[in-house]
Visitor: 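Mind having a look at this structure? Questions to follow.
Chain naming here is simple, since letters A, B, ... match the order of the sequence lines and numbering starts at 1 in each. None of these values were measured; they are calculated from a predicted model.
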Protein chains: 2
Amino acid sequence: MPDSPPPPSGPYAPLPNSASHAPPPYVRRLSLYLRMLEQLTDKGVSTISSKQLGDHLGLTDGQVRKDFAHFGQFGHPGVGYRPPELMRQIRHILGIDRPWNVILIGAGNLGRALASHKGFAGRNMHLRAVLDSDASRLDEEISGLKIESIDRLQDVVAQTQAQLAIIAVPAIAAQGVCDAVVRSGIKAILNFAPRLLTVPCEVSVSNVDLAQYLEQLAFQLHLGEK
Amino acid sequence: MPDSPPPPSGPYAPLPNSASHAPPPYVRRLSLYLRMLEQLTDKGVSTISSKQLGDHLGLTDGQVRKDFAHFGQFGHPGVGYRPPELMRQIRHILGIDRPWNVILIGAGNLGRALASHKGFAGRNMHLRAVLDSDASRLDEEISGLKIESIDRLQDVVAQTQAQLAIIAVPAIAAQGVCDAVVRSGIKAILNFAPRLLTVPCEVSVSNVDLAQYLEQLAFQLHLGEK
DNA sequence: ACGTGTGAAGTCGTTCACAGCG
DNA sequence: CGCTGTGAACGACTTCACACGT
């Protein structure tokens with residue numbers, strides 16, 4: 001099932017100034033709260049206290065309140081927080097109350113898995129194109145999108161108005177692809193290649209390194225053993 | 001190409017006591033240093049200063065030295081650090097100088113992509129089994145491993161001596177699978193399902209939520225705009 | 001001279017405890 | 001009375017600056 005029609009980019013509602021200098025941990029936890037609120041809403045919860053929310057996530061009630069209070073007043077004294085309202089606020093702060101256009105580079109195993117991932121749309125993330133360097137894969141279809149040549153990157157970015165790129169190519173190719181993506185004007189990259197990318201400081205990169213997660217877990221086990 | 005023969009579990013070299021109460025940020029950065037050192041080694045670098053290493057990773061030289069110093073004395077005054085030596089030390093601290101056995105649950109698109117991911121072996125992470133609940137997928141082969149029924153979880157964990165589990169099942173099934181994994185005695189879980197898992201406190205969980213990464217990047221863009 | 005290891009100072013984030021509102 | 005919002009106290013991580021080793 002293809003995405004909804006491509007959204008125009010343009011002016012959107014502004015953010016409370018507080019968001020500009022929000023501590024990174026606060027912003028990271030907003031995503032966490034949002035996910036948990038979605039799950040609680042599925043269960044039919046209509047009101048939730050900072051204590052309850054915190055218990056589910058391993059945080060103290062005070063911390064939950066501090067996090068929200070930094071961005072505004074979203075709660076109701078004596079009552080708690082109302083999930084629909086709170087979720088709307090969080091989505092607004094994170095900037096996902098408006099659509100974002102995403103392109104995917106790399107149509108290997110991982111790329112295909114990412115392309116077919118449900119759940120991007122629910123966060124207003126819309127996959128607009130899939131690119132690959134392997135000529136034998138061109139014109140194949142992945143979740144409704146024809147695979148395009150990596151050489152067409154500039155055109156594709158212009159046509160799709162993409163703001164985010166996902167890199168899912170082999171490690172050896174990652175930096176080259178990254179450089180091309182940066183040249184295309186994209187300012188945010190999600191990198192799945194097991195390689196640390198070098199980018200100009202105005203570009204945001206998030207590295208998802210699978211081995212790294214296992215490593216960190218191994219360390220935990222390692223400690224717990226003695 | 002299948003993994004090397006299953007390693008025995010048993011006693012391994014101990015960790016400096018300092019590692020037990022290491023600040024979590026220090027431990028996370030060890031993985032980062034390791035990845036960067038691998039890349040630098042590929043380029044033939046034989047010695048590196050805290051300044052150079054920090055510049056590559058966006059950290060100050062002081063911080064790099066503090067991080068390493070917490071775990072021991074790995075540097076050479078007037079010279080810098082020697083990558084092979086330093087990497088050996090980091091691998092030891094993280095506990096990846098010994099093999100770990102991993103099982104994968106979920107043989108969908110993402111599961112297959114993860115199973116075929118090169119680069120686990122280089123971190124001493126060895127995939128020993130793939131399980132799925134879909135009967136139609138049983139006995140299929142994924143990177144040399146026959147898919148087993150999820151019902152055989154307990155047996156598989158016992159036979160493979162698995163210490164880590166990767167969950168790559170649909171969101172709706174994730175908590176159920178997680179509970180079964182916990183019952184099997186596994187103490188570390190890497191979760192790719194877009195769902196926050198509830199586990200007993202002695203179990204470590206790491207959630208890799210794809211939408212969450214895009215969200216955080218969207219926030220960065222959102223800010224940079226105005 | 002160059003670069004590490006390290007206490008001391010500073011900054012940032014978390015916890016606490018309570019005032020105030022529903 | 002329950003629960004939020006918030007300043008003040010606390011603790012944790014980072015930065016700084018310098019002594020020491022090569």
Visitor: Using heavy-atom distances to pick each residue's nearest nucleotide on DNA chain C, tell me which of A:Arg29 and A:Arg65 is more 5'.
Guide: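 The residue whose closest nucleotide sits nearer the 5' end is A:Arg29.
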
Visitor: What is the distance, rounded to the nearest whole Å, between atom OH of B:Tyr33 and atom C1' of C:dT4?
Guide: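 After rounding, the reported distance stands at 14 Å.
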
Visitor: Measure NE2/A:His70 against P/C:dT15 and give the value in whole Å, please.
Guide: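 In whole Å, C:dT15 P and A:His70 NE2 are 16 Å from each other.
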
Visitor: Do NZ/NE/NH1/NH2 and the carboxylate oxygens of B:Glu85 and B:Arg88 come within less than 4.0 Å?
Guide: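 Between B:Arg88 and B:Glu85 there is no salt bridge, as every charged N stays at least 4.0 Å from the carboxylate O atoms.
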
Visitor: Nearest whole Å is fine: how far is C:dT6 C1' from B:Gln63 CD?
Guide: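 Computing the B:Gln63:CD to C:dT6:C1' distance gives 15 Å.
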
Visitor: If you assign A:Gly78 and A:Gly62 each to the DNA chain D nucleotide with the nearest heavy atom, which residue ends up on the more 5' nucleotide?
Guide: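 On the 5' side of the pair lies A:Gly78.
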
Visitor: Regarding B:Asn101 and B:Arg128, is there a side-chain donor-to-acceptor distance under 3.5 Å anywhere?
Guide: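 B:Arg128 and B:Asn101 do have a side-chain donor-acceptor pair below 3.5 Å.
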
Visitor: Rounded to the nearest Å, what distance is computed from the NE2 atom of residue B:His21 to the C1' atom of nucleotide D:dA12?
Guide: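 Nearest whole value for this atom pair: 15 Å.
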
Visitor: Rounding to an integer number of Å, can you tell me how far A:Arg82 CZ sits from D:dT4 P?
Guide: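 Between P of D:dT4 and CZ of A:Arg82: 11 Å.
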
Visitor: Consider the side chain of B:Pro24, meaning its heavy atoms from C-beta on, and name the nucleotide among D:dT15, C:dG13, D:dC13 that approaches it most closely.
Guide: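 Per side-chain heavy atoms of B:Pro24, the pick is D:dC13.
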
Visitor: Go through D:dC3, D:dG5, D:dC18 for me and flag the one nearest to the A:Gln73 side chain.
Guide: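 Closest nucleotide to the A:Gln73 side chain: D:dG5.
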
Visitor: Figure out the CG/P separation between B:Asp55 and C:dG3, and round it to whole Å.
Guide: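 My rounded result for the distance is 12 Å.
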
Visitor: Using atom CZ of B:Phe68 as one end and atom P of C:dG5 as the other, report the distance to the nearest whole Å.
Guide: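 After rounding, the reported distance stands at 9 Å.
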
Visitor: Hey, does the side-chain of A:Lys66 have a donor or acceptor N/O within less than 3.5 Å of a partner on the base of C:dT15?
Guide: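 Looking at the base of C:dT15, it does pair with a donor or acceptor on the side chain of A:Lys66 (distance under 3.5 Å).
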
Visitor: Indicate whether OP1 or OP2 belonging to D:dT4 is found under 4.0 Å from a side-chain N or O atom of A:Ser50.
Guide: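 Yes, because at least one side-chain N or O of A:Ser50 sits under 4.0 Å from OP1 or OP2 of D:dT4.
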
Visitor: Before accepting this row, confirm whether a basic side-chain N of the pair A:Asp179/A:Arg183 lies closer than 4.0 Å to the acidic partner's carboxylate O.
Guide: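 The answer is no: the pair does not qualify as a salt bridge.
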
Visitor: A:Tyr81 side chain: which of D:dT14, C:dT4, D:dG5 is closest?
Guide: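 So the nucleotide nearest the side chain must be D:dG5.
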
Visitor: Where the side chain of B:Ser49 is defined as all heavy atoms beyond and including C-beta, which of D:dA17, D:dT14, C:dG3 is the nearest nucleotide?
Guide: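 Minimum distance to the B:Ser49 side chain belongs to C:dG3.
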
Visitor: Hey, are A:Glu225 and B:Lys187 close enough for a salt bridge, meaning a charged N less than 4.0 Å from a carboxylate O?
Guide: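 Looking at A:Glu225 and B:Lys187, the cut-off is not met.
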
Visitor: Among D:dC13, C:dT4, D:dT6, find the nucleotide with the atom closest to the side chain of B:Pro25.
Guide: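 Nearest listed nucleotide: D:dC13.
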
Visitor: What's B:Phe74 touching, base or sugar-phosphate or nothing? Going by heavy atoms closer than 4.0 Å.
Guide: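 Sugar-phosphate: the residue B:Phe74, judged by heavy atoms under 4.0 Å, touches backbone atoms but no base.
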
Visitor: For A:Tyr33, which of A:Phe68, A:Tyr26, A:Phe71 qualifies under ring pair (Phe, Tyr, Trp, His ring centres under 6.0 Å)?
Guide: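 Among the candidates, only A:Phe68 passes.
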
Visitor: Nearest nucleotide by nearest heavy atom, which residue falls closer to the 5' end of DNA chain C, A:Pro77 or A:Asp67?
Guide: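 Per heavy-atom nearest nucleotide, the more 5' residue is A:Asp67.
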
Visitor: CG of A:Leu59 versus P of C:dG13: gap in Å, rounded?
Guide: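 Rounded to whole Å, this separation is 16 Å.
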
